[in-house]
K.L.:
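Following this message is one structure expressed as structure tokens.
Throughout, numbering of the chain's residues begins at 1 and tracks the sequence.
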Amino acid sequence: MTLDRAAGLAESARALAAGEVTSRALVEQALARIEATQGTLNAFRIVRAEAALAEADAADRELASGTRAPLLGVPVAVKDDMDVAGEPTAFGCPGEFPPVAEDGEAVRRLRAAGAVIVGKTNTCELGQWPFTEGPAFGSTRNPWSTEHTPGGSSGGSAAAVAAGLVPAALGSDGAGSVRIPASWTHLVGIKPQRGRVSTWPRGESFQGITVNGPLARTVADAALLLDAASGNHERDPHRPPAVDASAAVGRDPGRLRIALSLKPPFTAVPARLRPEVRERIVQLAERLSALGHHVEEADPPYGQIGLTFVPRATVGVAEWVSDAPFPALLDRRTLDAARLGRLLGGAPLRAARRAEAALHHRIGAMFESYDVVLAPTTAAPPPRIGAMLGLGGLATDRAMIAACPFAWPWNVLGWPGVNVPAGFVHGGLPVGAQLLGPAHSEPLLISLAAQLEAELRWHEAWPPVQYAAAQADDATPGLR
């Protein structure tokens, strides 16, 4: 038998362990759905069809012998900034990249948990923008409306999960790049504590602002993938204490003090929360209040935190550009960012890194009065395909800040955040809200997100055009 696309990560793992389905059947199903939607959604840069089927057969042999592991035989996807042995890591860039020799640490841990990596998902060039488009691969589209972007930079992972191509996927988040596409595709997206999921072979990605994290339809599935991917390489510079994310899913969060923050952090250009998005966030706050939490408006004391973000982000771009085999093919905006990063890589970078401790102290003081911050994930619903692709550097920055001013400060801080679906605005476009906490607060945020999910049951909503079910099932006899 096979499983319906609504079966998530946990249900797939359970069915495999119970002998109700084979890994080969699930992987064949995922590959068929990917193939059927590649011309419309374009979620994948690389599909590992032959390798994934061989890995599925190996998983079936292990299952038959009685071996058990958390994700043994379950198909998942990873973003194209993560190393998968034998595949190139192009990170959204054009040109031919050489295959890498070894898995990155996060991928290694997924494999150790038994997962089958079916492919690598599309991302914009070096993950810089909140859209997933570029000359290297075309446009990745939103399953809720193919005229709109799924967001970025983990847009391929988000599109793949939202359409039911895979039950969950890893993305990375350097300024909201998990939370923004999760918001715009009606998913749960977790930005973990810095170091929770290794970014090795880079001990720090983008000078420590980028972390790896899961996207899934349910909190339980996101927590399961987070647990499977968590852990460190022996040379990782950040090694936070372990947490059990899955155990937090069924835990009552208690009565919490929640700060509703609707004011965008410091930005160099104007940013305004769209009224239709504000309405959805306020409705979510009202639901939290009805659940017994104390909710009041209060904003974190961000100050001019953006001055510490820019050096780290641009130096990170410069580091990746220095490794690109064909830098002349890169977007002019990428080359300009790398040039700025080389200028800021000395004293400005050191000052930005030193400022983090003071920011922890100042913003952390807020958590003496509140347990969680509730904020919009984005200021606007997803833009149309192409809206930012052809802009110049300054115009891109202005459009990006206008749409997505809320997520990036938590990357500077290195603290956890969870996007939860907040409903839909005009045209049926999804928007989301962030649950933000202090250091190592994933269990609290996950338990609160799970409490909301039990009330709102957002995982029951599917995109109106059901690519995964209709197209793949028509194309592949025996799948349902």
K.L.:
What I'd like to find out is whether the side chain of T149 reaches to under 4.5 Å of the side chain of T140, using heavy atoms alone.
P.N.:
no
K.L.:
Could you report the tightest heavy-atom contact between P416 and Q193, atom names first, then the distance?
P.N.:
CD-OE1, 3.3 Å
K.L.:
How close do A90 and F97 get, counting heavy atoms only, and between which atoms?
P.N.:
CB-CD1, 3.7 Å
K.L.:
Does a side-chain heavy-atom distance below 4.5 Å link L71 with L224?
P.N.:
yes
K.L.:
Search all heavy atoms of G171 against all heavy atoms of V178 and return the closest pair with its distance.
P.N.:
C-CG2, 3.7 Å
K.L.:
Over 60° means perpendicular and under 30° means parallel, so classify the ring planes of H360 and W415, tilted if in between.
P.N.:
parallel
K.L.:
Between F44 and L165, does a side chain to side chain contact (heavy atoms under 4.5 Å, CB included) hold up when you go through it step by step?
P.N.:
CA-CA 10 Å; F44 283 80; L165 312 187; 4.2 Å; yes
K.L.:
Is there a side chain to side chain donor-acceptor pair (under 3.5 Å) between T89 and D83 once you walk through the steps?
P.N.:
CA-CA 6 Å; T89 302; D83 285 355; 2.6 Å; yes
K.L.:
Just verifying a value: how many Å separate L456 CG and Q283 CD, rounded to the nearest 0.5 Å?
P.N.:
10.0 Å
K.L.:
Hydrogens and angles aside, do S172 and K79 bring a side-chain donor and acceptor to less than 3.5 Å of each other?
P.N.:
yes
K.L.:
Please round to the nearest 0.5 Å and tell me the distance separating atom OG of S139 and atom CG of L389.
P.N.:
6.5 Å
K.L.:
Applying side chain to side chain contact (heavy atoms under 4.5 Å, CB included) between L262 and each of L273, D299, V277, report the one that passes.
P.N.:
L273
K.L.:
If you compare all heavy atoms of F131 against all heavy atoms of C124, which two are closest, and at what distance to 0.1 Å?
P.N.:
O-CB, 3.1 Å
K.L.:
Within the side chain of N232, is there an N or O that forms a donor-acceptor pair under 3.5 Å with the backbone of E234?
P.N.:
no
K.L.:
Say whether, by atom type as modelled, one donor and one acceptor occur between the side chain of N419 and the main chain of L187 under 3.5 angstrom.
P.N.:
yes
K.L.:
Do the side chains of L448 and I258 get nearer than 4.5 Å, heavy atoms only?
P.N.:
yes
K.L.:
Taking atom types as modelled, find out whether R333 and Q128 have a side-chain donor-acceptor pair closer than 3.5 angstrom.
P.N.:
no
K.L.:
Where the side chain of R196 meets the backbone of S230, is there a donor-acceptor pair that is under 3.5 Å apart?
P.N.:
no
K.L.:
Of the non-hydrogen atoms in R108 and D103, which two are nearest, and what is the gap between them?
P.N.:
N-CB, 3.9 Å
K.L.:
Are the side chains of P94 and E125 in touch, meaning some heavy atoms are under 4.5 Å apart?
P.N.:
yes
K.L.:
Over 60° means perpendicular and under 30° means parallel, so classify the ring planes of W144 and F424, tilted if in between.
P.N.:
tilted
K.L.:
So I305 and I363, side chain to side chain contact (heavy atoms under 4.5 Å, CB included) or not? Walk me through it.
P.N.:
CA-CA 10 Å; I305 191 173; I363 297 172; 4.2 Å; yes
K.L.:
When you measure from the side chain of T377 to the backbone of Q434, do you find a donor-acceptor pair of N or O atoms at a distance under 3.5 Å?
P.N.:
yes
K.L.:
Looking at R255 and G292, would you say the former's side chain and the latter's main chain have a donor-acceptor pair under 3.5 Å?
P.N.:
yes
K.L.:
Quick one: CG on L435 to CG on L284, what's the gap to the nearest 0.5 Å?
P.N.:
7.5 Å
K.L.:
Do the ring planes of W200 and H233 sit parallel (below 30°), tilted (30 to 60°) or perpendicular (above 60°)?
P.N.:
parallel
K.L.:
Between S157 (side chain only) and L170 (backbone N and O only), is there a donor and an acceptor less than 3.5 Å apart?
P.N.:
yes
K.L.:
Carefully, step by step, assess E276 and R280 under the rule salt bridge (Lys or Arg N to Asp or Glu O under 4.0 Å).
P.N.:
CA-CA 7 Å; E276 65 271 29; R280 294 293 173 266; over 6 Å; no
K.L.:
Nearest heavy-atom pair of R312 and V412: which atoms, and what distance?
P.N.:
NH1-O, 3.8 Å
K.L.:
Is D371 reaching over with its side chain to a backbone N or O of L256, donor-acceptor style, under 3.5 angstrom?
P.N.:
no
K.L.:
Do L330 and C93 touch side chain to side chain, with heavy atoms closer than 4.5 Å?
P.N.:
yes
K.L.:
Could you go through R111 and E55, starting from their C-alpha distance and side-chain angles, then the distance that decides it, and tell me whether this counts as salt bridge (Lys or Arg N to Asp or Glu O under 4.0 Å)?
P.N.:
CA-CA 10 Å; R111 289 194 196 275; E55 291 166 17; 3.2 Å; yes
K.L.:
Assess, by modelled atom type and distance only, whether the side chains of T378 and W184 contain a donor and an acceptor separated by less than 3.5 Å.
P.N.:
yes
K.L.:
Between D80 and T123, do the side chains contain a donor N or O and an acceptor N or O under 3.5 Å apart?
P.N.:
no
K.L.:
To the nearest 0.5 Å, what is the distance between CG on L359 and NE2 on H361?
P.N.:
11.5 Å
K.L.:
I'd like to know if the side chain of R217 and the backbone of G8 have a donor-acceptor N/O pair within less than 3.5 Å.
P.N.:
no
K.L.:
Could you tell me whether the side chain of H238 reaches within less than 4.5 Å of the side chain of V211, counting heavy atoms only?
P.N.:
no
K.L.:
Ignoring hydrogens and geometry, is there a side-chain-to-backbone donor-acceptor pair from R141 to E147 under 3.5 Å?
P.N.:
no
K.L.:
Would you give the length of the straight line joining atom CH2 of W129 to atom SG of C404, rounded to the nearest 0.5 angstrom?
P.N.:
14.0 Å
K.L.:
Can you tell if the side chain of P70 reaches within under 4.5 Å of the side chain of D227, non-hydrogen atoms only?
P.N.:
no
K.L.:
Does V372 form a side chain to side chain contact (heavy atoms under 4.5 Å, CB included) with L445? I'd like the steps, not just the answer.
P.N.:
CA-CA 8 Å; V372 173; L445 301 178; 4.0 Å; yes
K.L.:
Answer whether the closest heavy-atom distance between the side chains of V76 and V166 falls below 4.5 Å.
P.N.:
no
K.L.:
CG/D221 to OG/S246 distance, rounded to the nearest 0.5 angstrom?
P.N.:
9.0 Å
K.L.:
Take D331 and L126 through the test side chain to side chain contact (heavy atoms under 4.5 Å, CB included) and record every step on the way to the result.
P.N.:
CA-CA 10 Å; D331 192 298; L126 301 185; over 6 Å; no
K.L.:
What's the verdict on salt bridge (Lys or Arg N to Asp or Glu O under 4.0 Å) for D81 and R202, showing C-alpha distance, side-chain angles and the deciding distance?
P.N.:
CA-CA 11 Å; D81 60 343; R202 293 176 186 265; over 6 Å; no
K.L.:
Taking T132 for its side chain and G151 for its backbone only, find out whether a donor-acceptor pair lies under 3.5 Å.
P.N.:
yes
